[in-house]
Amino acid sequence: HPTIGNGGGAGPSDFMSAYSIPPGSGSGGKIVAILDMPDSNALSDVNGYRTAAGSAPLAYCPGNGLPTGSGTACFASVDEAGTPASINQNIGDSGFNNDGETSLDMDMISAVCPDCSILLVQFPAAASSDLLASAATAARLGASATSISWGGGEGADCSPPGCAFTTPGHLVVAASGDYGWKLTQATPPGMSPSYPGSATDVLGVGGTVLRPGSPEQAWVAAGSGCSTLFPAPAFQTAFGAGADGGASPFGACLLRDSTDVSAAADSTIFGGGIAVYQGGGWGSVLGTSAASPLVAAIFTRLGLTDAISNDLGFVYKHMTAFNDVTSGNNGTCTDTVQCTAGPGWDGPTGVGTPNGAMLAPLGTGSSSGSSSGSSSGSDSGTDSGSSSGSSGGSSGSSSGGPGLDSGSGSGGGDGGANNDTSPTAKAGCGCATVGSVEATVDGFALLALGGAATLLVRRRRQTPPR
């Protein structure tokens, strides 16, 4: 295995090979944004990963502290409003809690697009309104793509304005969750796919297991499912969703169906999982929050973000440029395409994983992501939807060079009853809400901010240390 550890987990060379990324391609400093909690060690952690991978370390962006979207790659951290480093502080988490999520996101971008600039937009609370505001900030600051590794069950609508993620020139992708089909593997089981991955203007990213020498298969815990709220977007209806007559590729679902694409959330490489460097040591994790930044960075590297942000249907129109995943499942459901991988589109893996050699000729290499996003919306509604994750252990320390102390682990999944009854579709934002006190589900603290606070959780699972 290359310099990414001798103990376990997939690293840059594994992703580059699996996704046939042309070695001569590059972004030229284009910006990939991630939306995460504050992390004062973000830069030192990602540079530990990059050093092990043989990539040049990132420096803080010069001048005003913000990336320009061209030239030498750099790192910037801003608050939700875009002020550089104003809340760049550790919030008291240890091990692979919130800081570990940030490290995973940044490591995955560095793995497949080392010349991408990274913009860390830090939100103070994990509410859907914070994600909307942070995504708008990322767009305003020139991000070509933004990856969201947080999510929760669909719930009551958000009040406009502010129900927009992707805008022309700025692509937003989001993890589909780690609790299987419709959050059914959560405790308690859910009843919807994970939002914002299920939003109609977000590219939902499912998860696969990377298996060297064998085709990828659907990850058992990857999220998927037919929306309980959102109508089928135009890019899916054009592909067959809700069409009268003939078999729809989306089975019985007449609403927004998740997911759209996928990437590695687990592997069988050297003990399993995805290698991550955090807190001065190596660990191995599982989750679609590895898959989401991988997709965002690959699309940015190949110059595809302008085309996809203007038409999310791009991935459906160019299905042959993706590796079709045809085995594995993330649960049991009557409408099997929602939870079982097979030829063509399926819920756990969408149209498949990126094939860089096929996608590269479709890219322009000039994606700039300069358009602005909308402001955040307000939260409303009653309690609805839940999601959860599991996390255990802490990162293994490295000595005498980059070592990876980790073992393989199994995940849960997103699930719930399949929504084949086609409830009334509601336009706007889906918000998962929780009461006015802090709740904890399977070890995750779910932040509750007021009587109709929004509930979102990380899309990452850590494997136990070996």
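Only this structure's heavy atoms are used, side chains among them; waters, hydrogens and symmetry mates stay out.
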Write down the atom of Ser267, the atom of Gly273, and the distance for their closest heavy-atom approach.
OG-O, 2.7 Å
Spacing of Leu302 atom CG and Lys30 atom NZ [to the nearest 0.5 Å]:
10.0 Å
With sequence neighbours left out, what residues match Asn355 under side chain to side chain donor-acceptor pair (under 3.5 Å)?
Asn323
Nearest 0.5 Å please: distance from the CD atom of Glu216 over to the OG1 atom of Thr268.
10.5 Å
Verify whether one side chain among Asp178 and Thr288 offers a donor that lies under 3.5 Å from an acceptor in the other.
yes
When you compare the side chains of Glu80 and Thr137, does any donor N or O come within less than 3.5 Å of an acceptor on the partner?
no
In Å and rounded to the nearest 0.5 Å, what is the OG to CG distance from Ser25 to Asp115?
8.0 Å
Where is the tightest heavy-atom contact between Ser262 and Pro354, given as atom of each residue plus distance?
O-CD, 3.4 Å
Compute whether any side-chain donor of one residue and acceptor of the other, for Trp150 and Asp36, lie under 3.5 angstrom apart.
yes
Please determine, by modelled atom types, if Ser198 and Ser258 share a side-chain donor-acceptor pair under 3.5 angstrom.
no
If I take atom CG from residue Leu294 and atom CE from residue Met108, how far apart are they, to the nearest 0.5 angstrom?
5.5 Å
Any luck finding a side-chain donor-acceptor pair between Thr349 and Asp346 under 3.5 Å?
yes
Scan residues 316-326 for pairs that pass salt bridge (Lys or Arg N to Asp or Glu O under 4.0 Å), counting only residues two or more places apart or in two chains.
Asp311-Lys317
Which value, rounded to the nearest 0.5 Å, describes the distance between Thr200 atom OG1 and Phe165 atom CZ?
10.0 Å
Answer yes or no: is there a donor N or O on one side and an acceptor on the other, between the side chain of Arg256 and the main chain of Pro233, under 3.5 Å?
no
Are the side chain of Gln122 and the backbone N or O of Asp39 linked by a donor-acceptor pair below 3.5 Å?
yes
Testing Thr208, Leu286, Asn330 one by one against Trp219 for a side chain to side chain contact (heavy atoms under 4.5 Å, CB included), which residue passes?
Leu286
Could you label the plane-to-plane angle of the Trp345 and Phe250 rings as parallel, tilted or perpendicular, counting under 30° as parallel and over 60° as perpendicular?
perpendicular
Check ring pair (Phe, Tyr, Trp, His ring centres under 6.0 Å) between Phe314 and all other residues, then give those that pass, not counting sequence neighbours.
His318
Enter the distance from Thr166:OG1 to Leu171:CG here, rounded to the nearest 0.5 Å.
5.0 Å
Test item: side-chain donor near acceptor, Asp257 and Gln338, under 3.5 Å
yes
Just by distance, do the side chain of Asp14 and the backbone of Ala10 share a donor-acceptor pair under 3.5 Å?
no
Check the side chains of His170 and Thr146 for a donor-acceptor pair under 3.5 angstrom, ignoring hydrogens and angles.
yes
Less than 4.5 Å apart, any side-chain heavy atom of Leu119 and any of Val32?
no
Determine yes or no for a side-chain-to-main-chain donor-acceptor pair under 3.5 angstrom, with Arg301 supplying the side chain and Val112 the backbone.
yes
